[in-house]
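See below for the structure under consideration.
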There are 2 protein chains.
Amino acid sequence: MVTIHEVAARAGVSAATVSRFLRGRRVRASAAIQTAVDELGYSPSAAAQSLKSGRTYTIGVVVPDITNPYFAAVVKGMESVTRTEPYRILLANSDESGEREDDVIADMVRRVDGIVLAPATEQDRTPLNVRDAGVPLVFVDRDLADGEDFDAILVDNAGGARQAAEHLMGLGHTRIAAISGPVDTTPGRRRREGFLETLAAAGIGIAPEHDLIGDFREQSGYQLTLSLLSLPEPPTAVFTANNLMTLGALKALHDMRVGVPDEISLIGFDDLDTGPLLRPPLTVIDRPMVEQGVLAMRLLLRRLDPRHVDDMPRRVVLGTKLVDRASTAPPRTSPAGTAAPSPAGRTRAR
Amino acid sequence: MVTIHEVAARAGVSAATVSRFLRGRRVRASAAIQTAVDELGYSPSAAAQSLKSGRTYTIGVVVPDITNPYFAAVVKGMESVTRTEPYRILLANSDESGEREDDVIADMVRRVDGIVLAPATEQDRTPLNVRDAGVPLVFVDRDLADGEDFDAILVDNAGGARQAAEHLMGLGHTRIAAISGPVDTTPGRRRREGFLETLAAAGIGIAPEHDLIGDFREQSGYQLTLSLLSLPEPPTAVFTANNLMTLGALKALHDMRVGVPDEISLIGFDDLDTGPLLRPPLTVIDRPMVEQGVLAMRLLLRRLDPRHVDDMPRRVVLGTKLVDRASTAPPRTSPAGTAAPSPAGRTRAR
DNA sequence: CAGGGTGCTGACAACGATTTCACTTGCCGG
DNA sequence: CCGGCAAGTGAAATCGTTGTCAGCACCCTG
């Protein structure tokens with residue numbers, strides 16, 4: 001490893017002068033120094049710079065699962081922001097485990113200037129430690145139960161779930177099931193609440209055996225859908241609370257040869273790249289993904305600016321959008337005791 | 001920030017003793033030190049440790065695009081290995097741009113102990129600089145034209161492409177198109193070569209206008225497929241050299257209402273999570289994804305071990321597997337001058 | 001009881017870059 | 001021709017941690 005002193009020696013100046021030159025100050029021997037730098041292939045030690053300056057120019061990013069297309073997109077958004085900044089991203093998966101998250105963050109706190117986190121649960125206490133350690137923190141996608149005084153980029157989970165519920169009710173469904181995410185996560189809880197409350201407000205209840213809780217993984221969407229199908233009175237429509245569980249549900253329906261949407265309608269939260277190409281094309285609640293990452297990273301970098309450290313916490317809530325494809329349709333047979341309405345003027349994308 | 005000296009002062013010992021205690025050596029005042037550490041919430045400065053030890057316990061990972069499910073899986077594999085090690089991952093996208101890759105790596109070299117790279121092109125000279133800087137480097141998915149003396153985890157690209165070609169020929173196709181990736185990347189070049197050579201060896205040529213080069217992005221798969229469809233004599237089968245271009249091709253075929261596989265058969269390189277659920281379920285060449293990440297990271301960490309720095313370069317080539325779903329079928333009309341064979345005993349997955 | 005371990009200890013010097021401080025040089029104007 | 005100022009310089013201190021080194025106290029053995 002070549003140090004600033006070797007450069008200095010070769011250029012016939014002191015290390016201080018080399019340092020000044022590299023930081024853009026005017027210096028007599030600039031030509032000689034530049035030559036020495038080039039010849040030696042010198043580049044300053046990041047560790048030494050960090051030690052001196054107290055800044056690492058690194059941002060920690062902790063998400064539950066990078067192979068989830070949603071989080072991949074969020075991370076890409078964050079990464080794109082760092083393109084014009086001297087920051088890099090230190091990435092870790094928490095695998096939806098609070099424990100793993102703790103470990104990872106305890107380590108990160110020592111190495112980064114700030115953290116973007118999708119907390120594993122709303123009861124998560126790790127963020128408090130991060131704050132105590134003086135490391136700025138921004139939540140993305142998920143929040144804490146009492147997280148009001150943290151920066152956050154969120155999405156209107158309850159509103160999106162409401163759109164899903166209204167869509168299904170508008171088609172005439174009354175026997176509706178929900179496969180929610182863990183209720184100790186923001187999206188899990190809020191999407192379920194939004195969905196159930198909308199049904200309730202319309203006078204449509206949900207049977208206890210139709211109110212299922214999964215873990216946001218494909219496997220649980222699959223299993224819970226199977227359990228719905230084995231019910232004496234299966235639902236005519238299912239709402240799945242994230243992309244992976246939607247996929248699992250769709251696989252289960254295929255495997256059991258259940259027609260979608262003829263026999264059962266399916267609507268999911270979060271769009272997929274392949275959404276339009278699936279059998280059938282999926283009707284989903286969509287939301288900005290890359291943009292969430294961009295906003296989160298911008299917010300964090302802003303917080304790193306000494307002028308903004310003490311700004312009020314900033315909480316951004318983005319809207320959702322119903323993408324009406326072909327996995328939902330009116331129920332085939334009208335549910336017992338209810339007249340099937342005839343939904344008019346429905347148009348579909350494609 | 002609380003330093004080791006503050007802990008030392010509170011525990012009534014010297015900093016050296018605290019350091020020794022923390023590194024597991026026996027020390028008289030261990031109880032007092034532990035108390036001081038807990039009360040002060042001390043954790044050592046990573047920057048200072050790096051400066052002293054010359055190790056950062058960070059691995060740089062540079063991939064073209066983290067939202068590509070293949071690379072997401074690879075990164076996940078790498079991340080899972082670091083779970084049992086004290087290493088973290090510094091992640092960057094190169095966006096298939098050699099320039100961006102240069103920038104990112106020039107910066108990473110200063111901050112990491114090693115790098116896993118999927119080089120943007122085979123002519124890439126950056127790796128040489130990395131090696132000169134004394135930073136171990138492992139290639140994943142892609143190689144250099146003269147990369148034999150670098151560690152690498154690769155896949156049998158030519159072999160996979162051959163499987164695809166043989167599959168299509170076995171079905172009786174003779175008018176076959178290929179949408180390849182950039183020929184200055186390993187997978188782009190090798191898959192194309194493997195495909196064309198297999199066709200040639202069987203006495204089936206490829207029309208120049210059927211031999212297309214894309215850029216591994218969905219959009220290019222889409223556009224090039226449209227161009228194939230606008231030909232006076234479109235192909236009866238198409239091979240797309242990666243997952244994203246396969247998706248683009250499928251979208252184009254849908255948009256132009258071309259029946260798959262009735263009118264055109266489609267086979268892609270790389271499977272998708274949603275592969276079985278697509279219209280139609282995709283026939284693809286599959287390969288280990290997470291495993292490639294695991295192997296790459298293990299290899300790199302091994303290389304970081306002083307006992308193995310000077311080992312011979314290790315090059316692993318993994319095999320591919322044809323996953324026969326439903327996007328390929330015999331050509332509907334036999335091509336001019338050829339008798340349509342009747343493929344017997346074909347079984348499909350689902 | 002002397003001699004020699006053994007087991008800990010603290011002072012100090014590194015690691016590499018940056019910044020402060022006091023200083024020199026050269027130039028300009030009076 | 002001299003005083004003063006601007007511009008540029010190097011020595012040294014600093015960031016927080018760890019390894020080296022010399023030293024001290026204690027205990028065991030002969």
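This is a predicted model, so every value here is computed, not measured. Throughout, protein chains are lettered first and strands after them, A, B, ... in sequence-line order, and every chain is numbered starting at 1.
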- Determine whether the side chains of A/Ser97 and A/Asp95 contain a donor N or O and an acceptor N or O closer than 3.5 Å. no

- Presence of A/Arg28 side-chain N/O under 4.0 Å of D/dA7 phosphate oxygens OP1/OP2: no

- Less than 4.0 Å between a side-chain N and a carboxylate O, is that true for B/Asp184 and B/Arg189? no

- Message: If the threshold is 4.0 Å, N to carboxylate O, is there a salt bridge linking A/Arg217 and A/Asp65?
- Response: no

Between the protein and nucleotides 16-20 of chain D, are there any N/O to N/O pairs under 3.5 Å, and if so, what are the atom names and distances?
residue : atom : partner : partner atom : Å
D/dT17  : OP1  : B/Tyr42 : OH           : 2.5
D/dT17  : OP1  : B/Ser45 : N            : 3.0
D/dT17  : OP2  : B/Ile4  : N            : 2.5
D/dT18  : OP1  : B/Gln49 : NE2          : 2.9
D/dT18  : OP2  : B/Ser19 : OG           : 3.1
D/dT18  : O2   : B/Lys52 : NZ           : 3.4
D/dG19  : OP1  : B/Arg23 : NH1          : 3.4

- Message: Need one value for A/Val18: base, sugar-phosphate or nothing, where a base atom within 4.0 Å counts as base even if backbone is also close, heavy atoms only.
- Response: nothing

- Query: Is the NZ or CZ atom of A/Arg88 both under 6.0 Å from the centre of the six-membered ring of A/Tyr57 and within 45° of that ring's axis?
  - Reply: no

- Query: Looking across every strand, which nucleic acid part, if any, lies under 4.0 Å from A/Ala8 by heavy atom: base, sugar-phosphate, or nothing?
  - Reply: nothing

- Message: Would you say that more than 12 heavy atoms from the other residues, nucleotides or ligands in this model lie under 6.0 Å from the CZ of A/Arg314, or not?
- Response: no

- Task: Can you tell me the distance, in whole Å, between the CD atom of A/Glu6 and the P atom of C/dA17?
- Result: 9 Å

- Message: Whether B/Thr17 contacts C/dG10 is assessed here as follows: a side-chain N or O lying under 4.0 Å from the phosphate OP1 or OP2. Is that the case?
- Response: yes

- How many angstroms lie between atom CD1 of B/Ile105 and atom CG of B/Asn129, to the nearest 0.5 angstrom? 9.0 Å

